[in-house]
Amino acid sequence: MTVKLQIKNLEEQEYTINMGPQHPSTHGVLRLVVSLKGEIVKNVQPHCGYIHRGIEKMCEKLTYQQIIHLTDRLDYLSALISNEAVCIAVEEALEVEVPERVKYIRTIMDELTRIASHQLWWCSFGMDLGGLTCFFYGLRDREKILDIFEESIGGRLILSYYTPGGLMNDIHPNFKQRVKDFIKYFRKILPEYDQLLTGNVIMQERTKGIGLISKEDAISFGFTGPSGRGSGFSCDLRKQHPYGMYSKVDFKEVLYTEGDTFARYKVRIAEMWESMKIIEQLIDNIPEGPYSVKMKPIIKLPEGEYYQRVEGCRGEFGVYIESRGEKFPYRLKLRSPNFSNLSALNTLSKDQKIADLVAIGGSLDYIIPDIDR
Amino acid sequence: MPFNIYDFTSFTQWIDKSLYDSCTPFWAMIWEMSIIGVVFLAFYAVVGLYLVYAERKICGFIQCRVGPNRVGPYGFFQTIADLIKLLMKELIYIKNADKVLFNIAPFIVIITSFLAIAAIPFAKGLHAIDFDIGVFYLMAVSSMGVIGLLLAGWSSNNKYSLIGAMRSGAQIVSYELSVGLSLVTIVVLAGTMQLSQIVELQRDGWFIFKGHIPAFIAFIIFITAGIAETNRGPFDLAEAESELTAGYHTEYSGIKFAFFFLAEYMNMFIIASIAATVFWGGWMPLHFPGLENFNHFMDFIPPFIWYIGKTAVIIFIMMWFKWTFPRLRIDQLLNLEWKYLLPINLFNVLLMAFIVLKGWELF
Amino acid sequence: MTNEQLKEKVIAIVPNAEVKENKQYLIVTVPQNKLYTLAKTFKESEDTAFDYLFCLSGMDWGDSLGVVYHLESTKYHHCIVLKTKTTNRENPVLDTVCDLWKTAEFLEREVFDLFGINFKNHPDMRRIFLEENWQGYPLRKDYVDEINIVER
Amino acid sequence: MEKILALTSNQIMFIIFSAVIVMFSILTVTTRRILRAATYLLFVLVSTSGIYFMLQYQFLAAVQLTLYAGGIVVLIIFSILLTSHINQKFEAVSWKTIAFGTIASILGIVVCITSILQFQFKASTLAIQEINMKIIGRSLLNYGENGFVLPFEVISILLLAAMIAAIIIAKKVKDTKI
């Protein structure tokens, strides 16, 4: 009589689970193939491409004004900032000087976008950790920014407000007042975020010392944005390579050196404060003037190659344009921050628990359309 | 008909007597069983549904929104509509599942919570069974619910379910110790395990007041461990939706899912009932020795209202926890139990025994 | 380090490098067999310390395929652009830099996926966005897809 | 029909419980899936505790539920979860085993039935009475007559030893070259 019961040694047995493409914690259609030993993550292989749209190929057949509308669809939470990269690249190539007013408005809008994006990150990070209430708190406040956008721009998510040479249209007369009201409101409400999540013991235990990445690795992985600054990688392009009004306003580059999930969390919370500071410095001083310079209806960039880097909400966003003097770019490459950040995921989550993988993913705050492009 | 809202003893005896007078013992017994069964089933369903409603309203309130408000006044019939929807939903057939266990599992979960309800004293004389070992019985019965979760997780043949089942197994088995020991603390104080007697002993003050510090510690531990045992946030690792989609009931649909759902809420109700009964005096009104007028005034509120009120408060606390705290990680969860709650609990029992032996009475 | 000094350094390592300068960056085109040496020296030597590869783009210049590397030093904040190309369109092979900059592992997979450039010594050369059995390389200029690409 | 109606509640419950026990015992040993066997065993144990409840022997019934149903079956199921896959089945039993099994069980039945038949059941005049928890508690920790303190202590030491051993086994060996 042989009862064949294979008692496998669990310590040596790895098994694989598919997180995604439909999974609540991947914030979109990303598929992570996770090898587990018990609850411990041994290997994470991201499988991208579920919403690959070939934007880079599409750009080769679109004029520069049209490309603006595609860059919205990359990182939809920092749509304006991606727009700005293309706009500045084109303006630099044509050597067009945009009016001061445009620079002011662009910078304010960028920072509003950054706050809105970080609010949504906070919502989903709380949710990843299991604190569902965060989601509604964050969305409640984000709604106020979207209302401001809606009034001036017309859209709420995919904005396409900037255009080479300026803006699509002028800001709404209420804009200044509403932004000031929002800043006043949000200065009061942001400490509430800390009360709900930051100070929570469970949250701190869940995030401290989890998903460690050293500064060297962060640089090597191109791990930029708030995630990189959590490791002490000074990569804030608003400081390093200023554009817009950033060289003229006073703000700090938030740096934490711990390199864990909690540091990345704190960077983003602190960045919201800094963004508010930037907006406050600019909002009262928006100069009068035209909101756009007159551009030719068909823009032809002179032959050559142009690269523009901007600080997106999740890291360095870059546009590399090679032009052959036509109305379409010969090649347009988009450097997406999320793609580089994702490449570090395996290193970050090695030997952590499944729950930590979710927390780390939340702290990287990846946006899948930006990874897939 | 001797109906008295302050004492149901005569009422239940009257039903019993009139049944045995009117028909043969066999049929009397069948009738009695059926009546109790139907009453409990109805109670179970209504409480379960309205706990879901309460949770949605409370969570809405905490999250700055209104919650259900379309079906009926204040969305009062929303959960009933949900139940009808769940009843009509397709039961998804899983190809490679172990069908027998897959179908049995929700029933095991729901039956164990049903068994526990039988021993809870709802009001004076309103009791299905008054066991001599009431507290022990409750612990015994509640220890079986985990089998349903384990079977559900394993038989779904899904890795997420399996991880969820493992987690819930480890979690419930560990936290059972804390639940048991914190109840033992009160049993030491009361000197009995019979629930009706435990309630009766709190006539001159609830145990949480009478029991000095150890009773208070035991209450905190009981609530913590109780939340963990019912798999609710912040201890809802077994169904951690951001990690495991839905844990052990990922593959369930329709009414079988509703069973898990209902059982979760009923388990919460049971834990709250036990806490109310053992620590807060069950249906016993709030009494303080010496304050005769106050005590008399409190007696006017019917016991059933007292019982429901106390349970509701504890349930509210549990819901408050869930919607405020993030979720723990599995190793932190087990550390909390084995490294903190259990040693504190053991020490607490000793302290309580010492106090009882010394005969220190608060009042 | 100024662009002038960088230029001298490039010439010292790769004498036949083609050096160009535009408004932003110093652009260096090197033969494919010298790229890895140059990149390694630039990353490792103390006075250049190009430790941050912020962009890696695959290119199709019509007659040749190539890769553009945008490098920055987080220490000195100077940048440089390296280019390399291969005229072999059938089976293009370049050296990988993913042992120098870890981010290159994913970026090179992307280039492989969309341009079909194979990277020697890359640990995991698979397609990243498209399916494994996808025919052709979409970002090449001669890629044909009659259904989805509409010529205007 | 007349006979059925004359049965008391105790008799009906006894019949139900014993039927469940017999049926699921047979299923436990005949099923070829290990987790199903464990589940059927659970039903057997729960029904047994039902019989104890019927006998007003509530303490033992609750112990049966906690230890066997809630404790041992959970452990068994847990270990099966860790080790076996859902598609695993036992091999079919050979005819030799069936033959030996049948002989052994028939022998067992014969022994049991003869011993039961030979026993003189005396009619008890005592009313059914709950055994007070206090009596159980006192006798468990009593060193006088009818005291069980020695076996109680011996068992607790045994359990402690088992627990320590379990911890040592479960503990990971960090360095294998000791």
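Residue numbers begin at 1 in each chain, while the letters A, B, ... track the order of the sequences. Just so it is clear, the structure is predicted and the values come from calculations on it, not from any experiment.
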Peer 1: Under 4.5 Å heavy-atom distance to chain A, tell me which part of C:Arg127 shows up: side chain, backbone, both or neither.
Peer 2: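 For C:Arg127, no heavy atom lies under 4.5 Å from chain A.
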Peer 1: Quick check on A:Glu56 against chain C: is it the side chain, the backbone, both or neither that has a heavy atom closer than 4.5 Å?
Peer 2: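 Contact with chain C is through both the backbone and side chain of A:Glu56.
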Peer 1: Which atoms of C:Cys98 are under 4.5 Å from chain A, going by heavy atoms: the side chain, the backbone, both sets, or neither?
Peer 2: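 The answer is neither part of C:Cys98.
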Peer 1: What part of A:Glu216 is in contact with chain C, defined as an atom under 4.5 angstrom from a non-hydrogen atom: side chain, backbone, both or neither?
Peer 2: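 Answer is neither: A:Glu216 stays 4.5 Å or more from chain C.
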Peer 1: Do any N or O atoms from the side chain of A:Lys57 and from the backbone of C:Pro138 form a donor-acceptor pair under 3.5 angstrom?
Peer 2: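 Side chain of A:Lys57 to backbone of C:Pro138: a pair is present.
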Peer 1: Can you tell which part of A:Thr224 gets under 4.5 Å to a heavy atom of chain C, answering side chain, backbone, both or neither?
Peer 2: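 For A:Thr224, the contact with chain C is made by the side chain alone.
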Peer 1: Between chain A and each of C:Leu100, C:Leu107, C:Val81, count heavy-atom pairs under 4.5 Å; write down the option with the most.
Peer 2: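 Among the listed options, the one with the most contacts to chain A is C:Leu107.
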Peer 1: Has the side chain of A:Lys333 got a donor or acceptor atom that lies under 3.5 Å from a matching backbone atom of C:Val68?
Peer 2: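 Answer holds: no.
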Peer 1: Is it the side chain or the backbone of C:Ile128 that comes within 4.5 Å of chain A heavy atoms, both, or neither?
Peer 2: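 Interface part for C:Ile128: both.
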Peer 1: Does the plane of the ring in A:His52 sit parallel, tilted or perpendicular to the ring in C:Phe129? Use 30° and 60° as the thresholds.
Peer 2: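 Rings of A:His52 and C:Phe129: parallel, as their planes differ by under 30°.
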Peer 1: Among A:His47, A:Glu92, A:Glu316, who wins on heavy-atom pairs under 4.5 Å with chain C?
Peer 2: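 Most heavy-atom pairs under 4.5 Å with chain C: A:Glu316.
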Peer 1: What's the spacing between C:Leu53 CG and A:Ser340 OG if we round to 0.5 Å?
Peer 2: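 With rounding to 0.5 Å, CG (C:Leu53) is 8.5 Å from OG (A:Ser340).
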Peer 1: Assert yes or no for the condition that the ring centre distance of A:Phe233 to C:Tyr52 is strictly below 6.0 Å.
Peer 2: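 Centroid separation for A:Phe233 and C:Tyr52: below 6.0 Å.
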Peer 1: How far does CD of C:Glu105 sit from CG of A:Asn346, to the nearest 0.5 angstrom?
Peer 2: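 Here the rounded value is 8.5 Å.
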Peer 1: Before we go on, tell me: are the rings of A:Phe221 and C:Phe106 under 6.0 Å apart, centre to centre?
Peer 2: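 Ring centres of C:Phe106 and A:Phe221 not closer than 6.0 Å.
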Peer 1: Let's go through C:Glu110 and A:Arg373 carefully: what are the C-alpha distance in whole Å and the side-chain angles of both, what is the deciding distance for salt bridge (charged side-chain N to carboxylate O under 4.0 Å, His left out) to 0.1 Å, and is it a yes or a no?
Peer 2: CA-CA 11 Å; C:Glu110 189 195 340; A:Arg373 283 163 302 186; 3.0 Å; yes
Peer 1: Let me see the working for A:Arg331 and C:Asp60 under salt bridge (charged side-chain N to carboxylate O under 4.0 Å, His left out), right down to the final yes or no.
Peer 2: CA-CA 8 Å; A:Arg331 162 97 169 101; C:Asp60 180 2; over 6 Å; no
Peer 1: Let's go through A:Tyr307 and C:Phe54 carefully: what are the C-alpha distance in whole Å and the side-chain angles of both, what is the deciding distance for ring-ring contact (aromatic ring centres under 6.0 Å, His included) to 0.1 Å, and is it a yes or a no?
Peer 2: CA-CA 11 Å; A:Tyr307 193 93; C:Phe54 63 87; 5.3 Å; yes
Peer 1: Using a 6.0 Å cut-off, check whether atom CD of C:Glu132 has over 12 heavy atoms from anything other than its own residue.
Peer 2: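 Atom CD in C:Glu132 is crowded, with more than 12 foreign heavy atoms closer than 6.0 Å.
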Peer 1: Determine yes or no for a side-chain-to-main-chain donor-acceptor pair under 3.5 angstrom, with C:Asp51 supplying the side chain and A:Ser220 the backbone.
Peer 2: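 A pair under 3.5 Å: no.
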Peer 1: Surrounding NZ of A:Lys215 (heavy atoms of other residues, nucleotides or ligands, distance under 6.0 Å), is the total greater than 12?
Peer 2: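 Incorrect, the count does not exceed 12.
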Peer 1: Heavy-atom distances under 4.5 Å only: say whether C:Leu114 touches chain A with side chain, backbone, both or neither.
Peer 2: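 When you check distances to chain A, only side chain atoms of C:Leu114 fall under 4.5 Å.
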Peer 1: Just wondering, do C:Arg126 and A:Gln45 contact through their side chains at under 4.5 Å, heavy atoms?
Peer 2: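 In short, these two side chains touch, coming nearer than 4.5 Å.
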Peer 1: Quick one: what part of C:Asp124 sits under 4.5 Å from any heavy atom of chain A, side chain, backbone, both or neither?
Peer 2: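 Only the side chain of C:Asp124 comes within 4.5 Å of chain A.
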Peer 1: What distance do C:Thr103 atom OG1 and A:Asp217 atom CG have between them, rounded to the nearest 0.5 Å?
Peer 2: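 Here the interatomic distance stands at 12.0 Å.
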Peer 1: Look at the side chain of C:Lys141 and the backbone N and O of A:Tyr330, then say whether any donor-acceptor pair between them is shorter than 3.5 Å.
Peer 2: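 Such a contact is found between C:Lys141 side chain and A:Tyr330 backbone.
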Peer 1: If I measure from the heavy atoms of chain A, does C:Glu131 come under 4.5 Å with its side chain, its backbone, both, or neither?
Peer 2: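 Neither part.
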Peer 1: Flag the pair C:Glu72 and A:Arg309 as a salt bridge only when some basic side-chain nitrogen lies within less than 4.0 angstrom of an acidic carboxylate oxygen.
Peer 2: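 So C:Glu72 pairs with A:Arg309 through a salt bridge.
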Peer 1: Select one option (side chain, backbone, both, neither) describing which atoms of C:Ile27 are under 4.5 Å from chain A's heavy atoms.
Peer 2: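 Only the side chain of C:Ile27 comes within 4.5 Å of chain A.
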Peer 1: Would you say the side-chain atoms of A:Arg335 pair up with the backbone N or O of C:Ser57, donor to acceptor, closer than 3.5 Å?
Peer 2: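 Judged by distance alone, no pair lies under 3.5 Å.
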